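In what follows, residues are counted from 1 in the order of the sequence shown. Remember, predicted model here, so these are calculated numbers, not experimental data. In each ligand, atom 1 is the first atom listed, and ligand 1 is the first ligand listed.
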Amino acid sequence: MGLKSGSTFLGDFLRQCGGYAVIDGGLGTELERHGADLNDPLWSAKCLVSSSHLIRRVHLDYLEAGANIIISSSYQATLQGFEAKGISREEGEALLKRSVEIACEARNIYNDRASKGSWDDYYDGTGLKRNPVLVAASVGSYGAYLADGSEYSGIYGDAITVKTLKDFHRRRVQVLANSGADLIAFETTPNKIEAQAYAELLEEEAVSIPAWLSFSSKDGTNVASGDSIAECASIVDSCNEVVGIGINCTSPRYIEGLIQSIRKVTSKPILVYPNSGETYDGEKKEWVASRGVAEEDFVSYVDKWCEAGASLVGGCCRTTPNTIRAISKVLSLRSHRV
Ligand SMILES: [Zn+2]
């Protein structure tokens with residue numbers, strides 16, 4: 001896809017969806033809920049090796065809950081992480097591709113089911129009712145690879161520069177760009193240097209599919225490291241390959257303010273998929289439940305986020321197909337208004 005088509009890619013898709021699109025919910029969370037043990041440096045990517053059927057099932061659950069965009073299980077799948085487990089470069093690349101294939105298989109099953117559904121179930125006056133679906137290849141941050149929660153601190157230390165980050169991500173991005181995915185989702189970006197690294201990498205490598213980039217935040221004004229969201233978003237805004245900018249894995253209560261800051265520096269579509277509002281304890285590797293937001297409360301924010309300028313909404317860690325079903329209802333009511 002050339003730059004020109006890249007620049008209208010997400011806008012065209014949003015129009016196809018009626019103005020608003022639904023992103024899926026937490027993948028890692030759902031895999032765990034189904035019994036997977038993700039206490040591993042590869043986290044959800046551990047299932048790529050042993051339980052791809054479970055990953056496919058979770059993608060399918062999100063599609064059936066109304067998701068328009070499903071994000072692959074490659075968040076914590078890195079060639080470096082695979083190598084540390086004795087998995088060769090070649091096998092590691094095959095696993096990265098496999099993560100996207102599994103998501104594509106889920107989309108095929110979903111499409112088949114929808115077209116075989118009864119006329120009454122699926123006919124909505126405009127044709128067969130089947131949500132348009134994109135598959136996004138997940139790229140987690142360098143902090144996610146470290147597997148110590150640093151995607152929520154953004155503190156990488158002085159030895160880590162834009163250059164080392166580009167080199168860290170380069171091959172994985174190349175492989176995922178040629179995996180059959182529709183776009184790349186750079187998730188949980190915690191600082192400015194990593195945003196800069198992604199933007200430069202997309203340009204240097206002439207990546208053939210578009211990308212979106214989302215940040216994590218702990219306060220509603222800055223990304224996790226303390227760099228300002230406005231500054232981070234403008235770095236990304238100037239990269240032609242980036243078709244959407246947003247926030248993920250952040251408490252719902254900070255989202256509205258963050259959208260307003262992003263809106264000031266970009267006219268690209270804004271995406272948000274917050275977590276449940278609980279906090280991740282990187283040392284204990286568990287979510288601290290105390291300050292969570294109930295499912296109904298999460299959903300009550302969705303209209304506000306859209307009014308502030310978001311057009312793609314989903315959920316991150318600790319959200320489930322129920323959250324996505326509820327988001328999908330709110331967005332489809334809004335879609336009918338556009
Ligand atoms: Zn998350």
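Shown here are the protein N/O/S atoms lying under 2.8 Å from the Zn ion (ligand 1), water excluded: Cys249 SG, Cys316 SG, Cys317 SG.
Salt-bridge formation is not detected for the pair Asp61/Arg33: no Lys NZ or Arg NE/NH1/NH2 atom is positioned less than 4.0 Å from an Asp or Glu carboxylate oxygen. The pair Glu91-Arg98 does not meet the salt-bridge criterion, since no charged nitrogen lies less than 4.0 angstrom from a carboxylate oxygen.
Looking at Glu105 and His59, their side chains never bring a donor and an acceptor atom within 3.5 Å of each other.
Other residues, nucleotides and ligands contribute over 12 non-hydrogen atoms within 6.0 Å of the NZ atom of Lys285.
In this structure, Trp305 has its ring center no closer than 6.0 Å to that of Tyr273.
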| task | Applying side-chain contact (heavy atoms from CB on, under 4.5 Å), run through Leu258 and Phe215 and close with a yes or a no. | result | CA-CA 10 Å; Leu258 292 162; Phe215 294 94; over 6 Å; no
